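Only one structure is covered here, and it is reproduced in the block below.
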Amino acid sequence: MPRFASLRRSFTAPAAVAVATAAVLLATAPTAGARTAPTAAADRYHHTWATDVNVRVSEADPNTCGRHPSVANCPDVRERLQPSTPFYVYCQGPGQVVGGNPYWLMINSGTTTGWMASYYVAYPDNRLPDVPDCPGMSGVSGAGASVAARNGRALGPYSVTAYETVNIRSAPTTSSRAFDKIRAGETRFDALCWTRGETVRDHGYTNDVWIGFTEGWASAVYLKGDEYAGLPADATC
């Protein structure tokens, strides 16, 4: 993440942690087609009521997908979720109407990050409670995006600036697919939270913190600021 003028960052961390592993297992999935609220979701973990629900991105143009998610704008399917698979919801916003629901979710299933239609979440309302709006989406103001609380801690969006070009990846590891980048000197306003992942060593810095954006993860080694790239220490994913 940030570049020069950033503080030197070095600390010991455990092995890479799967970001979206649920702390509490979800209850038995409802019958396909049932639209009921989850009975044992931890924080912002949810599950789907349907089978083979597509988690979508656009490998060619992730920004277009993020501004207005739809089948056309997000043509690449990264994963197909099953009712037993818990996923973490980062943010929500308007996109293609599916089943009468106009909202889409940016999620992480533990193995991938992408967009899915909110219609398929096992929750009775179109909008999920305590989930912030995704900044940069059509109809959502980045400055006015709502801030949600998770265990009393504020989640983004926050702004970060890269001091060197850094890849945005599908998971907080250097071996995961890079499908976007933040260029040197560029400021992004859609940093949502941070997590610990693969330790990255570069330019004299060592850090295992990765910043979560609406389309993926970037190492905090390349972002300006402290070890959390300027995000609050409690803004954990």
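Keep in mind that what you see is a predicted model, and the values were worked out from it rather than measured.
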Residue pair [X] / [Y], side-chain donor-acceptor N/O under 3.5 Å:
| X | Y | result |
| --- | --- | --- |
| H68 | Q96 | no |
| Q82 | T51 | no |
| E79 | S109 | yes |

If you define the side chain from C-beta out and look only at heavy atoms, does anything of [X] sit under 4.5 Å from [Y]?
| X | Y | answer |
| --- | --- | --- |
| F87 | V55 | no |
| T195 | T236 | no |
| V209 | R196 | yes |
| Q92 | W104 | no |
| V200 | Y205 | no |
| R44 | V131 | yes |

What distance do [X] atom [atom1] and [Y] atom [atom2] have between them, rounded to the nearest 0.5 Å?
| X | Y | atom1 | atom2 | answer |
| --- | --- | --- | --- | --- |
| L128 | C91 | CG | SG | 11.0 Å |
| L81 | M116 | CG | CE | 6.0 Å |
| E198 | T174 | CD | OG1 | 3.0 Å |
| T206 | E227 | OG1 | CD | 12.5 Å |
| S159 | L231 | OG | CG | 8.5 Å |
| R78 | W115 | CZ | CH2 | 12.0 Å |

Is there a path of hydrophobic side-chain contacts, each under 4.5 Å between heavy atoms, that joins [X] and [Y]?
| X | Y | result |
| --- | --- | --- |
| Y120 | V77 | no |
| V98 | L105 | yes |
| V89 | Y103 | no |

Discussion item. Between H203 and E164, is the side-chain contact (heavy atoms from CB on, under 4.5 Å) condition met? List the steps.
Written reply: CA-CA 10 Å; H203 298 286; E164 182 173 292; 2.9 Å; yes
Show the nearest heavy-atom pair for residues [X] and [Y], with the distance to one decimal.
| X | Y | result |
| --- | --- | --- |
| T161 | G185 | CG2-O, 3.9 Å |
| G100 | N126 | O-ND2, 3.9 Å |
| C193 | Y90 | SG-CE2, 3.8 Å |
| P69 | P94 | CD-O, 3.6 Å |
| S176 | S170 | CB-OG, 3.5 Å |
| G114 | V57 | CA-CG1, 3.8 Å |

Worksheet item: Which of these passes ring-ring contact (aromatic ring centres under 6.0 Å, His included) with W194: Y228, W217, W210?
Response: Y228
Discussion item. Show, in sequence, the C-alpha distance, side-chain angles and deciding distance for S118 and N101, and conclude whether the side-chain contact (heavy atoms from CB on, under 4.5 Å) test is met.
Written reply: CA-CA 7 Å; S118 186; N101 188 333; 3.7 Å; yes
